[in-house]
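Take a look at the structure below.
Scope of the values below: all heavy atoms of this structure, side chains included, with no hydrogens, waters or symmetry mates.
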Amino acid sequence: MAELDIHEVLRHLPQRYPMLMIDRALELEPGKRIVALKNVSANEPYFQGHFPHHPIMPGVLILEAMAQAAGILVFRTQGTQPDDKSVYYYVGIDNARFKKPVVPGDELRLEVAIERHLRGISKFSCVARVAGRVVAEASILCAVQSIEGA
């Protein structure tokens, strides 16, 4: 099982601040699963408006963190890295559930497993935890697609 620091994460994701949602990967088994971390900081730009007197991480950003962890897993499984001619897209989100707010100071642990891969689309089961408690879960579908004209 591999562990990836922030430099390896940046090599496997096209996102950059403020949209980078993965700080490191603790475990990675190509073709199977990844466990990644997002350290939730009070300095995140979305906390200014979501919500100023009771900051919580937006659920869509927790889903984005799941997709980014899945992206690292896919690129490592394929032995490739993203380039400027392709994009890793969401294709679907099923059964998303948010069970507890994620707040500044939390360490968001993302557990993502490949369920299947068919015709360029991968399905993943995803669970997000804080201090061992499930805060969100979803099934997501993602695909790498070429950018027209790139």
Side-chain angles (χ1 to χ4, degrees), residues 1-41 44-47 49-50 56-103 106-150:
M1 276 192 244
E3 183 172 326
L4 284 69
D5 64 14
I6 187 62
H7 303 291
E8 281 293 312
V9 167
L10 290 169
R11 278 194 275 280
H12 290 87
L13 286 177
Q15 290 89 346
R16 296 296 181 261
Y17 179 83
M19 285 307 298
L20 182 64
M21 297 288 146
I22 304 295
D23 293 315
R24 71 182 314 109
L26 297 177
E27 302 171 17
L28 190 145
E29 292 180 74
K32 294 184 180 180
R33 68 185 196 93
I34 185 171
V35 177
L37 292 180
K38 162 70 177 147
N39 294 307
V40 181
S41 167
E44 309 275 354
Y46 49 83
F47 285 135
H50 199 266
I56 61 171
M57 185 176 187
V60 296
L61 294 181
I62 296 170
L63 291 170
E64 174 65 20
M66 291 173 175
Q68 288 184 21
I72 294 169
L73 178 56
V74 164
F75 286 118
R76 283 297 290 249
T77 297
Q78 294 175 348
T80 62
Q81 294 180 355
D83 59 30
D84 57 359
K85 295 183 173 106
S86 61
V87 176
Y88 191 69
Y89 283 118
Y90 255 121
V91 179
I93 302 168
D94 295 315
N95 304 313
R97 299 289 181 264
F98 303 95
K99 299 177 182 276
K100 182 180 178 293
V102 176
V103 299
D106 284 346
E107 182 180 78
L108 190 63
R109 181 182 172 105
L110 303 150
E111 302 166 5
V112 176
I114 294 177
E115 288 186 8
R116 69 175 180 262
H117 180 81
L118 183 64
R119 288 186 281 237
I121 298 174
S122 299
K123 182 177 182 180
F124 305 89
S125 61
C126 307
V127 176
R129 298 178 194 274
V130 171
R133 290 186 57 197
V134 174
V135 296
E137 55 192 358
S139 291
I140 64 173
L141 293 105
C142 300
V144 178
Q145 296 182 352
S146 295
I147 299 172
E148 296 293 323

Report the C-alpha separation of Glu111 and Arg129 in whole Å, then their side-chain angles, then the decisive distance to 0.1 Å, and conclude whether the salt bridge (Lys or Arg N to Asp or Glu O under 4.0 Å) test is met. CA-CA 8 Å; Glu111 302 166 5; Arg129 298 178 194 274; 3.0 Å; yes
Start with the C-alpha gap between Phe124 and Val74, add the side-chain angles, then the distance that decides, and say whether side chain to side chain contact (heavy atoms under 4.5 Å, CB included) holds. CA-CA 10 Å; Phe124 305 89; Val74 164; 3.4 Å; yes
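- For the pair Gln81 and Phe75, the minimum side-chain heavy-atom distance is 4.5 Å or more.
- We find that Glu3 and Arg24 are joined by a salt bridge, their nearest charged nitrogen and carboxylate oxygen being less than 4.0 Å apart.
- Side-chain contact check for Ile72 versus Leu28: some heavy-atom pair is nearer than 4.5 Å.
- Within 6.0 Å of atom CZ in Arg133, 12 or fewer heavy atoms from other residues, nucleotides or ligands are found, so the atom counts as exposed in its surroundings.
- Note that OG of Ser125 is 11.5 Å distant from CZ of Arg116, once rounded to the nearest 0.5 Å.
- Residues Glu137 and Lys99 are paired through a salt bridge, judged by an N-O separation under 4.0 Å between the basic side chain and the carboxylate.
- For the pair Glu8/Arg76, a side-chain contact is recorded, criterion being any heavy-atom separation below 4.5 Å from C-beta on.
- In terms of heavy atoms, Leu10 sits closest to Gln15 at CD2-O, 4.3 Å.
- When side chains are defined from C-beta on, Leu110 does not count as touching Val35, because their heavy atoms never get closer than 4.5 Å.
- Taking every heavy atom of both residues into account, Ser41 and Phe47 meet most closely at O-CE1, 3.1 Å.
- Shortest non-hydrogen contact noted between Ala69 and Val112 is CB-CG2, 3.9 Å.
- Here the NZ atom belonging to Lys123 is positioned 12.0 Å from the SG atom belonging to Cys142, to the nearest 0.5 angstrom.
- Of the candidates Glu64, Gln68, Glu44, Glu44 is the only one forming a side-chain hydrogen bond (donor to acceptor under 3.5 Å, both in side chains) with Lys38.
- One finds the SG atom of Cys126 at 13.0 Å from the CZ atom of Arg33 (value rounded to the nearest 0.5 Å).
- Within the 4.5 Å cutoff, the side chain of Val135 has heavy atoms near those of the Leu108 side chain.
- Residues Pro101 and Asp106 share a closest heavy-atom pair of O-OD2, 4.1 Å.
- Contact between Ile62 and Met57 at its shortest, heavy atoms only, is CG1-SD, 3.9 Å.
- To the nearest 0.5 Å, the span separating CE on Met19 from CG on Leu61 amounts to 5.5 Å.
- Between Arg109 and Glu107, no side-chain nitrogen of the basic residue sits less than 4.0 Å from a carboxylate oxygen of the acidic one, so the salt-bridge criterion is not met.
- Remark: Ile114 CD1 to Glu29 CD distance equals 10.5 Å, nearest 0.5 Å.
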CA sep, side-chain torsions, deciding dist, call: Lys85, Ile147, side chain to side chain contact (heavy atoms under 4.5 Å, CB included): CA-CA 5 Å; Lys85 295 183 173 106; Ile147 299 172; 5.8 Å; no
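- Remark: side-chain polar atoms of Asp23 are paired, donor with acceptor, to backbone N or O of Asn39 under 3.5 angstrom.
- A 4.5 Å side-chain heavy-atom check between Leu141 and Tyr90 finds every atom pair outside the cut-off.
- Counting only heavy atoms from C-beta outward, the side chains of Leu4 and Leu26 never approach each other to under 4.5 Å.
- Without hydrogens or angle criteria, His50 side chain to Ile56 main chain gives a donor-acceptor distance under 3.5 Å.
- To the nearest 0.5 Å, atom CD1 of residue Ile6 and atom CG of residue Leu37 are 11.0 Å apart.
- When all heavy atoms are compared, the tightest approach of Ala138 to Ala96 is CB-CA, 3.9 Å.
- Side-chain atoms of Leu13 and Tyr88, non-hydrogen and from C-beta on, never get closer than 4.5 Å to each other.
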